[in-house]
Structures are given as C-alpha cells and as structure tokens.
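Just so you know, these numbers use all the heavy atoms, side chains as well, and skip hydrogens, waters and symmetry mates.
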Amino acid sequence: MTIEHNFEFDPTNGMSQTELLATAPGVPPEGFEDFWQTHYEQVTAKKVEYTVEAELWSPRSNEKIYRVRVRNYDGVEFVMFVARPENSCGGLVVGQGYGNPGMPNLSLYGLTTAFACVRGLGFSQCRDIPWQVNEHVLHGIADKYTYILYGVIADQWTTASVLLDMFPDTAANLNYTGASMGGGMGALLLPWDKRFKAAYLNVPTFGAEIRFEHQSIGSGEACRKYIAEHPEAREVLAWFDASAAAKYITIPVCVAPALFDPCVAPAGQFSVANAIADEYKTQFIRDVGHFAPTGHDKKVNEDIELWCKTKFAR
C-alpha cells in the first residue's frame, strides 16, 4: 500500500502490517490495576451532581437533546449532551477526539447517546486547563494524580453515571464508542467499569512507549517532544498507557487500527489492539487514519457499522 502525502515523516512508522501486528503492548507499572480500580470506585462512589441546563432544538422530531452541566467528584465541572430517541434501546457513551466539538451529538443506533466535552475542551473550557491540544495533553504531567488524563477518565465515568441517573432504562444495555483520543480513553476506562456491555475503539491513542519513537502531528507529538527534555515524565505516562490497560478488557470490543496515520502513530494503535484478548476482540484494519479514506476503508466502515448495529442495538 502506498499513500501519497506531503508529510516530512513516514506516517506508517516504517512498519509493515506484519510488524504492526507483532507490536507488544506496554508493561503496566506495579500497582496498575489497584490504581485504576481505586480511581473508578472513588469517582463512582459520589452521588452525581448535575443540572439539565436546557433542551435544545433537534433535527429529529422523535428525539430530544439536553445540555447538562456536571460537577465531578473533584469539583471540576464539565458539559455533556444527551440525545434521547423516542424508542431507546439502551445507552451509549461517546468519547470525543482531541478536538473542540462545536455541537452536540445526535443519538446513534437507537440508543440514548451521551457525549461529554471532557474538562478543558470544547464546551468545558475553563480558566485552569489549557484548551490547546499540545498544552492540554501535558497538563499536570508532574504526577499521576494531577495528570489531565486522570481527570478526563473520571469525566467519562461520570458521564455514564449521569446518563444512567437521567434514564435508568439504559443500564440494561450500556455501550461505548470513541475514536482517536476517544479510543484511547475507552481502553483506559472500560476494564474497571463493569456497567458497559460492548465497545468500539477506532484508531486509539495513548498506546505503549513505542509511540514516542515516531513523529506525528497529533497530541502524541507534544508528549514525544516533552519527554525528550523531561524523561522522568515517562514514569507518569506509563500509568496512562492504553495498551497496558486494554489487556484487562472483558467485553466484546471492535477495534480498528490504521496502517498509515499522521496524527496517531500506527505502532501505538496496534499496541492497544494487540493487547485485547482474542476472545473479546473483533478487529478491522484500516489503510489510513486521520486521512482521506481509501476504497478499502469505506468497506471497513460498512463492516464496523454492521458490527455496532448488531452488538449495540439489542
């Protein structure tokens, strides 16, 4: 496969599909499971605090959209949206990519769909957290308890809690989907949260230290440059290695890593995909990520759509 591009680096990481499929997941630090399980319990032990600020206009006559302001367990506020179809068949939490979304999501697959702008981004911009991607991904990196992803994952768990509190019927069929940053967040949050029944992780971020060996134009590039000058930050980032977490996933997961991706190193993506146990994993390999899809990728999208409809819309 040859993809024409103008990048000054190789978005394939110089690796063949065979080599990518052999990429090893990260090794979790000692105490990794306890760290994440304790964090999950800390976040979900607190009664959810939220206000439904408004019902928004919906382009669908049989769907309502709500803007909700949430106060998380640590006092940080964020904004989320909930799209409620008339005949909901469950719930879906959508993890955002590393952009600043400008509109709420509509519901997907007939599910009541919750979409949060995690702390510092999009509608959840605030004074204390930078909204620029290259600054956001480094925020609080001096310690694992202050690092931004520690709070971001808490926001996703709390999003699920708010969805379940607003619409308790979604508990019987709660699912997750996320791409790029959302895919990486999914790998980090799913192993410890048994409320979810199935998930789709697309071109996931935050996978294994090998990603720091490859140039990109995404958030990983900010980390790569930072640890070149501050190698001690590797110890903090190891706690947020999506590939180290992914091996603990025990629900059906569709994962779609890409062979070519200028934003998220393919080696990192495959480290996440390779970590998921075969008994839970359905894998589709994309030609490209964060780039114009090929004909093959269009077929992959159709196959993934069918998987999601089958697994999510029960």
Item to check | Any residue meeting side chain to side chain donor-acceptor pair (under 3.5 Å) with Arg71, in chain and number order, not counting sequence neighbours | outcome: none

Checklist entry - Do side-chain atoms of Thr23 reach the backbone of Phe270 as a donor and acceptor pair under 3.5 angstrom? => result no

Item to check | Partner residues of Ala233 under the side chain to side chain contact (heavy atoms under 4.5 Å, CB included) criterion, sequence neighbours left out | outcome: Ile141, Tyr226, Ile227

Next on the checklist: Regarding Lys299 and Glu302, does a basic nitrogen lie under 4.0 Å from an acidic carboxylate oxygen?
Outcome noted: no

Item to check | With sequence neighbours excluded, residues passing side chain to side chain contact (heavy atoms under 4.5 Å, CB included) with Ala267 | outcome: Asn13, Met15, Leu20, Ile210, His214

Checklist entry - Ignoring hydrogens and geometry, is there a side-chain-to-backbone donor-acceptor pair from Ser124 to Cys117 under 3.5 Å? => result yes

Checklist entry - With side chains defined as the heavy atoms from C-beta onward, is the minimum distance between Phe206 and Leu188 less than 4.5 Å? => result yes

Item to check | Under 3.5 Å side-chain donor-acceptor pair for Ser88 and Thr112 | outcome: yes

Item to check | Step-by-step side chain to side chain contact (heavy atoms under 4.5 Å, CB included) determination, Val137 to Ile148 | outcome: CA-CA 7 Å; Val137 75; Ile148 189 65; 5.5 Å; no

Checklist entry - In Å and rounded to the nearest 0.5 Å, what is the OG1 to OH distance from Thr44 to Tyr73? => result 11.0 Å

Item to check | Lys298 atom NZ: more than 12 heavy-atom contacts under 6.0 Å | outcome: no

Next on the checklist: For Trp192 and Trp36, take the angle between the two ring planes, folded into 0 to 90°, and tell me which bin it lands in: parallel under 30, tilted 30 to 60, perpendicular over 60.
Outcome noted: parallel

Checklist entry - Can you find a heavy atom in the side chain of Leu56 that is under 4.5 Å from one in the side chain of Tyr66? => result no

Item to check | Side-chain heavy-atom pair Met181, Val152 within 4.5 angstrom cut-off | outcome: yes

Checklist entry - What do you reckon, are the aromatic ring centroids of Phe123 and Phe81 less than 6.0 Å apart? => result yes

Checklist entry - Is it true that Arg69 and Glu77 have a side-chain N and a carboxylate O under 4.0 angstrom from each other? => result yes

Next on the checklist: Tell me whether Glu8 at atom CD has more than 12 heavy atoms from other residues, nucleotides or ligands lying less than 6.0 Å away.
Outcome noted: no

Next on the checklist: Taking the ring centre of each residue, are His5 and Phe291 less than 6.0 Å apart?
Outcome noted: no

Checklist entry - Got a second to check how far Leu201's CG is from Ile249's CD1, nearest 0.5 Å? => result 5.5 Å

Checklist entry - When you look at CD of Glu235, are more than 12 heavy atoms from neighbouring residues, nucleotides or ligands closer to it than 6.0 Å? => result no

Item to check | Check: Val264 main-chain N/O paired with Asp261 side-chain donor or acceptor under 3.5 Å | outcome: yes

Item to check | Any side-chain heavy-atom pair of Tyr50 and Met166 under 4.5 Å | outcome: yes

Next on the checklist: Between Val288 and Ile3, does the side chain to side chain contact (heavy atoms under 4.5 Å, CB included) criterion hold? Intermediate values first, please.
Outcome noted: CA-CA 9 Å; Val288 301; Ile3 304 293; 3.8 Å; yes

Checklist entry - Is it true that the side chains of Asn175 and Asn173 contain a donor and an acceptor less than 3.5 Å apart? => result yes

Next on the checklist: Is there a side-chain contact between Val70 and Val79 in this structure, where contact means two heavy atoms from C-beta onward sitting under 4.5 Å apart?
Outcome noted: no

Checklist entry - Is the side chain of Gln96 donor-acceptor paired with the backbone N or O of Val118 at a distance under 3.5 Å, no angle test? => result yes

Item to check | Asn274 (side chain) donor-acceptor with Leu21 (main chain) under 3.5 angstrom | outcome: yes

Checklist entry - If only atom types and distance count, is the side chain of Thr12 paired as donor or acceptor with the main-chain N or O of Asp10 below 3.5 Å? => result no

Next on the checklist: As an exercise, state the distance from CG of Leu190 to CD1 of Ile251, rounded to the nearest 0.5 Å.
Outcome noted: 5.0 Å

Item to check | Interatomic spacing from CG in Asp193 to CD in Glu41 - rounded to 0.5 Å | outcome: 11.0 Å

Next on the checklist: If you apply the rule side chain to side chain contact (heavy atoms under 4.5 Å, CB included), what do you find for Asn62 with Arg60, and how did you get there?
Outcome noted: CA-CA 5 Å; Asn62 62 344; Arg60 297 173 179 171; 3.7 Å; yes

Checklist outcome for this item: Those residues at least two apart in sequence (or on a different chain) that pass side chain to side chain donor-acceptor pair (under 3.5 Å) with Lys46 are Glu49

Checklist entry - Could you go step by step and tell me if Gln156 and Tyr176 meet the side chain to side chain contact (heavy atoms under 4.5 Å, CB included) rule? => result CA-CA 10 Å; Gln156 295 291 71; Tyr176 180 88; 3.6 Å; yes

Item to check | salt bridge (charged side-chain N to carboxylate O under 4.0 Å, His left out) between Arg84 and Asp169, worked out | outcome: CA-CA 12 Å; Arg84 175 72 168 179; Asp169 59 282; 3.1 Å; yes

Checklist entry - Which atom pair, heavy atoms only, marks the closest approach of Pro11 to Pro262? => result CB-N, 3.8 Å

Next on the checklist: When you compare the side chains of Glu63 and Ser107, does any donor N or O come within less than 3.5 Å of an acceptor on the partner?
Outcome noted: yes

Next on the checklist: Strictly distance-based, threshold 3.5 Å: is any side-chain N or O of Glu221 a donor or acceptor partner for the main-chain N or O of Ser216?
Outcome noted: yes

Next on the checklist: Suppose the criterion is salt bridge (Lys or Arg N to Asp or Glu O under 4.0 Å): which pairs have a residue in residues 145-168, not counting sequence neighbours?
Outcome noted: Arg119-Asp155

Item to check | Which residues share a ring pair (Phe, Tyr, Trp, His ring centres under 6.0 Å) with Tyr147, sequence neighbours left out | outcome: Phe240

Next on the checklist: Under the rule for side chain to side chain contact (heavy atoms under 4.5 Å, CB included), what residues qualify as partners of Val133, not counting sequence neighbours?
Outcome noted: Tyr98, Ser219

Item to check | Summary of salt bridge (Lys or Arg N to Asp or Glu O under 4.0 Å) pairs that have at least one residue in residues 200-217, sequence neighbours excluded | outcome: Glu209-Arg234

Checklist entry - Okay, side chain of Asp297, backbone of Val300: is any donor-acceptor separation there less than 3.5 Å? => result no

Next on the checklist: As an exercise, state the distance from CE of Met103 to CD1 of Ile65, rounded to the nearest 0.5 Å.
Outcome noted: 11.0 Å

Checklist entry - Between the side chain of Gln283 and the main-chain N/O of Val255, is any donor-acceptor distance below 3.5 Å? => result no

Checklist entry - What residues, two or more places apart in sequence or in another chain, satisfy salt bridge (Lys or Arg N to Asp or Glu O under 4.0 Å) together with Asp278? => result Lys281

Next on the checklist: For Ser161, give me all partners under side chain to side chain donor-acceptor pair (under 3.5 Å), at least two apart in sequence or on another chain.
Outcome noted: Arg195

Item to check | Polar side-chain atom of Ser271 near backbone of Gly207 as donor-acceptor pair, under 3.5 Å | outcome: yes

Checklist entry - Which atom names give the shortest non-hydrogen contact between Pro85 and Gly110, and what distance separates them? => result CG-O, 3.7 Å

Item to check | Reported NE2-to-CG distance for the pair His296 and Asp287, which is rounded to 0.5 angstrom | outcome: 4.5 Å

Checklist entry - By ring pair (Phe, Tyr, Trp, His ring centres under 6.0 Å), which residues pair with Tyr40, not counting sequence neighbours? => result Trp157

Checklist entry - Are Val76 and Phe78 connected, step by step, through hydrophobic side chains (Ile, Leu, Val, Met, Phe, Trp, Tyr) whose heavy atoms are closer than 4.5 Å? => result no

Item to check | Side-chain touch Phe167/Val82, heavy atoms, less than 4.5 angstrom | outcome: yes

Next on the checklist: Going by side chain to side chain donor-acceptor pair (under 3.5 Å), name the residues that satisfy it together with Thr51, two or more places apart in sequence or in a different chain.
Outcome noted: none

